[in-house]
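Read through the structure below, which is laid out as structure tokens, and then see the notes.
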Amino acid sequence: MTLLMTVLGVVVFAVGLLVSIAWHELGHLSTAKFFGIRVPQYMVGFGPTIWSRRKGETEYGIKAIPMGGYIRMIGMFPPGEDGKVTARSTSPFRSMIEDARSAAYEELQPGDESRLFYTRKPWKRVIVMFAGPFMNLVLAVAIFLTTLMTFGLNTQTTSVATVSDCVIQQSEKRTKCLPEDPAAPAKAAGLKPGDKIVAFNGRPVDEWSALQKDIRATVGPAEITVERAGERVDLTANLIENKVAKTDGSGKYVKDEYVTAGFLGFGPATGYVPQSFGQSGERMGEMMQAGVQSLIELPSKVPGLWDAAFNGAERKQDSPMGVVGAARVSGEIFTLDIPAQHQLVFFLNLLAGFNLSLFLFNMLPLLPLDGGHIAGALWESVRRKLARLFRRPDPGPFDVAKLMPVAYVVAGLFICFTLLVMVADVVNPIKIT
């Protein structure tokens with residue numbers, strides 16, 4: 001049964017991956033057609049074609065390897081300086097440029113002269129290239145909003161999961177009570193697992209972060225109101241000072257750092273708490289910021305990936321994860337002994353995170369990524385405006401094809417990184433904790 005659920009999870013993720021890729025390419029396709037650019041092909045995947053059908057002037061299809069997708073637009077690059085498309089050169093770098101230019105015109109038909117990509121105004125080309133990543137962003141936001149506002153965020157609540165028997169300084173890193181340890185204030189006050197704290201010193205509380213601050217700011221007697229078996233019960237606890245884990249601005253614990261604060265002595269239960277639209281937006285902003293930071297730190301993670309893949313080192317939880325690793329996590333989600341609703345939330349958040357990563361990665365201003373084409377179109381716009389400002393001749397379209405040698409280097413580095421991540425995902429995968 002476990003194997004069956006794992007396979008089901010992998011298959012479901014593969015379907016989600018294909019939908020995400022198709023959705024991305026649909027953004028490029030729809031805007032290209034809107035601006036009158038001819039698009040001969042719309043393909044999901046790479047490699048041999050499994051299925052295709054021609055509708056109008058475009059062939060729609062699915063290929064064997066679901067690792068990406070593409071649309072083919074006529075005239076992605078302008079002709080060379082001599083006005084030719086198929087000129088040849090003995091220089092390997094020049095050949096790369098000319099090969100890219102020829103591929104952009106290989107399906108040129110009579111009447112296509114006015115439907116070439118490079119002939120569109122720069123702002124139109126920016127829209128066409130931005131539309132793909134933007135579709136991934138839209139999908140990520142839609143999924144995150146749905147899960148956060150409908151199911152909620154898995155977070156600590158004001159309900160009681162455990163009650164400590166005694167007072168132990170958290171810096172001691174022990175759980176067993178010693179004879180000299182005083183009784184925990186929560187236990188002495190009669191707090192029980194399953195209680196839900198609804199008020200502290202007469203002030204209503206419904207969030208763990210607020211309750212935690214109140215507890216840590218209090219030393220001495222405190223009135224605690226709990227809901228127990230449908231009834232409200234008032235308890236009196238005598239909070240004491242204790243050395244507890246330090247928290248950062250967002251309420252997360254700081255490793256191996258401690259502060260002296262008020263102590264009650266219970267562990268909060270976790271659960272899914274539905275978020276408001278504003279809270280959901282704030283949470284997505286944090287995820288976007290974390291995604292950008294992860295992208296910046298990506299080169300620094302390569303040595304750790306190498307050690308995890310080939311030297312048996314521990315795979316860190318914040319290590320980069322590829323499609324294979326995400327599929328394994330999806331399979332693991334479907335085997336967890338948790339309610340089906342929670343499995344669905346886990347999976348949807350995984351898929352949304354994948355789409356957010358696609359958006360951020362594709363916006364890097366490097367060819368052959370969408371961001372590289374956007375940067376080229378923006379640079380062309382700047383050049384032409386400066387030429388008009390200084391009354392110089394129009395420099396014409398910026399020839400992105402001249403950057404193809406750089407694009408091949410970037411693509412080579414990306415392939416090497418992808419293979420490294422894939423090996424790490426197979427031999428030393430990230431597991432759900």
Where do F359 and L139 land on the side-chain contact (heavy atoms from CB on, under 4.5 Å) test, with the steps shown first?
-> CA-CA 10 Å; F359 166 75; L139 187 57; over 6 Å; no

What distance do [X] atom [atom1] and [Y] atom [atom2] have between them, rounded to the nearest 0.5 Å?
X    : Y    : atom1 : atom2 : answer
I71  : Y60  : CD1   : OH    : 10.0 Å
I143 : L356 : CD1   : CG    : 11.0 Å
M321 : R315 : CE    : CZ    : 8.0 Å
F277 : M149 : CZ    : CE    : 7.0 Å
I50  : M43  : CD1   : CE    : 11.0 Å
S319 : E314 : OG    : CD    : 10.5 Å

[X] versus [Y]: any side-chain heavy-atom pair under 4.5 Å?
X    : Y    : value
H24  : L358 : no
F35  : F117 : no
M363 : I374 : yes
Q275 : F144 : no

Residue pairs passing the ring-ring contact (aromatic ring centres under 6.0 Å, His included) test where at least one lies in residues 286-318, sequence neighbours excluded | W306-F310

Any ring-ring contact (aromatic ring centres under 6.0 Å, His included) pairs touching residues 150-179, not counting sequence neighbours?
-> none

Anything under 3.5 Å between a donor and an acceptor, one on a side chain of residues 339-353, the other on a protein residue two or more places apart or in another chain? List them.
{"from": "Q343", "atom 1": "NE2", "to": "I333", "atom 2": "O", "distance (Å)": "3.4"}
{"from": "Q343", "atom 1": "NE2", "to": "F334", "atom 2": "O", "distance (Å)": "3.4"}
{"from": "Q343", "atom 1": "NE2", "to": "L336", "atom 2": "O", "distance (Å)": "3.0"}
{"from": "N349", "atom 1": "OD1", "to": "T147", "atom 2": "OG1", "distance (Å)": "3.1"}
{"from": "N349", "atom 1": "ND2", "to": "V345", "atom 2": "O", "distance (Å)": "3.3"}

In terms of side-chain heavy atoms, does K243 have a donor or acceptor partner in T260 at a distance below 3.5 Å?
-> no

G325 and D425: which non-hydrogen atoms are nearest, and at how many Å?
-> N-OD2, 3.1 Å

Which heavy atom of G376 sits nearest a heavy atom of F398, and at what distance?
-> O-CD2, 3.7 Å

Within residues 146-176 or reaching into it, pairs that qualify as disulfide (SG to SG under 2.5 Å) - sequence neighbours excluded = C166-C177

Output all residues satisfying side-chain hydrogen bond (donor to acceptor under 3.5 Å, both in side chains) with R115, sequence neighbours left out; order by chain, then residue number.
-> E57

Contacts of type side-chain hydrogen bond (donor to acceptor under 3.5 Å, both in side chains), residue D214, not counting sequence neighbours = R203

Output all residues satisfying disulfide bond (SG atoms under 2.5 Å apart) with C416, sequence neighbours left out; order by chain, then residue number.
-> none

Partners of R388 by side-chain contact (heavy atoms from CB on, under 4.5 Å), sequence neighbours excluded?
-> R384, K385

For D181, what residues pass the salt bridge (Lys or Arg N to Asp or Glu O under 4.0 Å) criterion, not counting sequence neighbours?
-> R174

Does the T58 side chain pair with the main chain of K55, one donor and one acceptor, at a distance under 3.5 Å?
-> no

Can you tell me which residue pairs pass the side-chain hydrogen bond (donor to acceptor under 3.5 Å, both in side chains) test with a partner in residues 232-241, sequence neighbours excluded?
-> E223-T236, T225-D234

So the side-chain hydrogen bond (donor to acceptor under 3.5 Å, both in side chains) pairs with at least one residue in residues 122-133 (sequence neighbours excluded) are R125-E380

Solution key, residues 184-199 side-chain donor-acceptor pairs under 3.5 Å, sequence neighbours excluded:
{"from": "K187", "atom 1": "NZ", "to": "D165", "atom 2": "OD1", "distance (Å)": "3.3"}
{"from": "D195", "atom 1": "OD1", "to": "R228", "atom 2": "NE", "distance (Å)": "2.8"}
{"from": "D195", "atom 1": "OD2", "to": "K192", "atom 2": "N", "distance (Å)": "2.9"}
{"from": "D195", "atom 1": "OD2", "to": "R228", "atom 2": "NE", "distance (Å)": "3.4"}
{"from": "D195", "atom 1": "OD2", "to": "R228", "atom 2": "NH2", "distance (Å)": "2.7"}

